[in-house]
Amino acid sequence: MKLGVIGLGRMGQIVVDRVLAADHEVVAFDIDDDAVATAVERGATGATSIPDVAAQLGDEKRIWLMVPAGDPVDAALDELEPSLAADDIVVDGGNSNFRDSSRRAENTDAAYLDCGTSGGPAGAELGFSLMIGGPQWAYDELTPVFDAIATGPDGHDRFGPSGAGHYVKMVHNGVEYALMQAYGEGFELLANGRYDLDLEAVAKTWNNGAVIRSWLLELCEEAFREEGNDLGDVADYVAGGSTGTWTVQEALEQEVPVPLIYGALAERFSSRDTRFSRRLANRLRYGFGRHEIKRQGKDKE
């Protein structure tokens with residue numbers, strides 16, 4: 001199969017590499033010429049523009065978008081649209097909102113597959129987990145490519161019509177938030193508890209047979225090994241939040257309680273800045289008990 005790949009960041013390059021390794025052909029484009037050159041060095045054919053990708057694919061266009069969610073996806077589709085027909089297939093492998101995916105599927109002449117992608121840079125060796133929505137025939141047609149990009153046949157599935165793939169990935173990310181928060185709180189208690197513990201050793205022991213073993217816990221072990229027991233100079237700041245926000249919004253609309261996911265999202269936002277509410281609580285403690293007022297820039301209790 002010949003696949004066009006548009007967007008050659010870390011994840012996009014992994015898609016290119018794994019597709020090439022499975023003996024498919026790739027036509028690659030990115031706005032960064034160096035990224036295109038890298039893909040060409042690895043065996044892809046370079047393209048000079050998005051329309052050039054479509055032209056090089058000929059009459060049967062199979063295109064994988066790996067561009068940032070939001071406007072860049074719509075911009076890429078706008079450039080592709082004049083070249084697309086009903087028997088072509090476009091895959092959005094980014095973290096798009098499932099509502100946007102449903103809209104794009106309705107407005108795109110080609111079959112549109114929304115593909116939630118999980119696994120991060122580790123997917124270069126292991127393959128990704130792919131959560132896909134869209135027409136069954138298009139999913140079946142691209143199954144050899146999905147087998148190559150995923151961990152194998154068990155690493156991908158079609159979950160329903162357009163939007164379903166990114167919907168499943170959205171909830172996946174919400175679960176990820178809650179798991180990260182749970183590990184964080186547990187290790188915080190261990191770090192500040194009554195014993196002087198080697199947290200890397202704790203994580204390693206838990207990862208060998210414990211109920212809570214997981215890849216995230218392996219990453220905890222890696223973090224303590226590389227940063228130290230106190231995490232060194234790692235900042236009290238957690239980026240991201242869009243997919244977790246979408247998960248909570250959907251839960252509210254469906255009236256499904258997700259207190260753990262919501263709490264993890266709130267903690268993530270709380271890490272971004274000094275909280276006015278905590279400052280007020282600090283001052284109130286002085287008001288009702290004449291407790292010392294901790295001032296900004298001074299040591300916390």
Side-chain angles (χ1 to χ4, degrees), residues 1-9 11-33 35-36 38-40 42-96 100-117 128 130-150 156 158 161-166:
M1 188 177 300
K2 181 182 282 188
L3 182 73
V5 178
I6 297 170
L8 302 173
M11 299 286 274
Q13 289 284 8
I14 293 171
V15 168
V16 169
D17 291 343
R18 291 188 65 84
V19 171
L20 289 172
D23 294 326
H24 301 291
E25 298 178 59
V26 172
V27 178
F29 173 73
D30 193 279
I31 57 174
D32 182 350
D33 292 339
V36 177
T38 297
V40 170
R42 295 175 179 178
T45 300
T48 58
S49 66
I50 290 177
D52 186 34
V53 172
Q56 291 196 47
L57 292 175
D59 293 335
E60 192 174 79
K61 299 175 182 65
R62 309 290 183 254
I63 299 172
W64 191 291
L65 300 179
M66 205 54 131
V67 300
D71 292 341
V73 179
D74 290 312
L77 289 172
D78 286 344
E79 290 196 63
L80 283 171
E81 195 61 35
S83 304
L84 296 178
D87 56 354
D88 296 326
I89 303 171
V90 176
V91 180
D92 175 9
N95 253 342
S96 292
D100 289 336
S101 296
S102 297
R103 168 181 58 79
R104 290 165 183 148
E106 292 180 3
N107 297 332
T108 301
D109 290 337
Y112 196 84
L113 297 176
D114 52 291
C115 178
T117 306
F128 294 124
L130 303 177
M131 296 144 265
I132 301 159
Q136 182 71 55
W137 75 265
Y139 172 76
D140 293 340
E141 173 72 17
L142 280 185
T143 290
V145 165
F146 294 139
D147 286 346
I149 296 171
H156 63 88
R158 174 187 175 271
S162 298
H166 280 144

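FYI, side chains are in, hydrogens and waters are out, and symmetry mates aren't considered; it's all heavy atoms of this structure. Small disclaimer: the values here were computed from a predicted structure and weren't measured.
Distance check: Asp59 CG to Asp87 CG gives 8.5 Å after rounding to the nearest 0.5 Å. Interatomic distance, Leu84 CG to Thr108 OG1, rounded to the nearest 0.5 Å: 7.5 Å. Distance check: Ile63 CD1 to Ile89 CD1 gives 10.0 Å after rounding to the nearest 0.5 Å. For the atom pair OH (Tyr112) and CD (Glu106), the distance works out to 12.0 Å, reported to the nearest 0.5 Å. Atom CZ of Arg103 is separated from atom OG of Ser162 by 12.5 Å, given to the nearest 0.5 angstrom. For the atom pair Asp109 CG and Asp88 CG, the distance stands at 9.0 Å (nearest 0.5 Å).
For the pair Cys115 and Val91, the tightest heavy-atom approach, listed with the atom from each and the gap, is CB-CG1, 3.7 Å. Listed here is the closest heavy atom pair of Gly7 and Val67: CA-CG1, 4.0 Å. Nearest heavy atom pair, residue Ala148 against residue Arg18, reads O-NE, 2.9 Å. Closest approach of His24 to Pro144, counting heavy atoms only: NE2-O, 3.8 Å. For Lys61 against Gly58, the heavy-atom pair with the smallest separation is NZ-O, 2.7 Å. Between Ala47 and Val53, the closest heavy-atom pair is CB-CG2, 3.5 Å.
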With side-chain contact (heavy atoms from CB on, under 4.5 Å) as the test, would you mind laying out the steps for Val90 and Trp64 before giving the verdict?
CA-CA 6 Å; Val90 176; Trp64 191 291; over 6 Å; no
With side-chain contact (heavy atoms from CB on, under 4.5 Å) as the test, would you mind laying out the steps for Leu80 and Leu65 before giving the verdict?
CA-CA 11 Å; Leu80 283 171; Leu65 300 179; 4.2 Å; yes
Steps toward side-chain contact (heavy atoms from CB on, under 4.5 Å) verdict (Thr45, Phe29)
CA-CA 9 Å; Thr45 300; Phe29 173 73; over 6 Å; no
Checking side-chain contact (heavy atoms from CB on, under 4.5 Å) for the pair Leu8/Asp32: CA distance, chi angles, key distance, verdict?
CA-CA 8 Å; Leu8 302 173; Asp32 182 350; over 6 Å; no
What's the verdict on side chain to side chain donor-acceptor pair (under 3.5 Å) for Asp52 and Gln56, showing C-alpha distance, side-chain angles and the deciding distance?
CA-CA 6 Å; Asp52 186 34; Gln56 291 196 47; 3.1 Å; yes
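Considering only heavy atoms from C-beta on, Asp100 stays 4.5 Å or farther from Val73 through its side chain. Considering only heavy atoms from C-beta on, Met66 comes within 4.5 Å of Thr117 through its side chain.
By the salt bridge (charged side-chain N to carboxylate O under 4.0 Å, His left out) test, Asp30 pairs with no residue at all, sequence neighbours left out.
Gln13 places a side-chain N or O within 3.5 Å of a backbone atom of Ala35 that can act as its donor or acceptor partner.
Of the candidates Val19, Leu142, Val26, Leu142 is the only one forming a side chain to side chain contact (heavy atoms under 4.5 Å, CB included) with Met1.
Checked for salt-bridge contact, Glu60 and Arg62 meet the test: a charged N lies under 4.0 Å from a carboxylate O.
Asp92 and Ser96 share a side-chain donor-acceptor pair at under 3.5 Å.
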Please tabulate, for side-chain N and O atoms in residues 130-139, each donor-acceptor pair with protein atoms closer than 3.5 Å (sequence neighbours left out).
from	atom 1	to	atom 2	distance (Å)
Gln136	OE1	Arg158	NH1	3.2
Gln136	NE2	Asp140	OD1	2.9
Tyr139	OH	His156	ND1	2.7

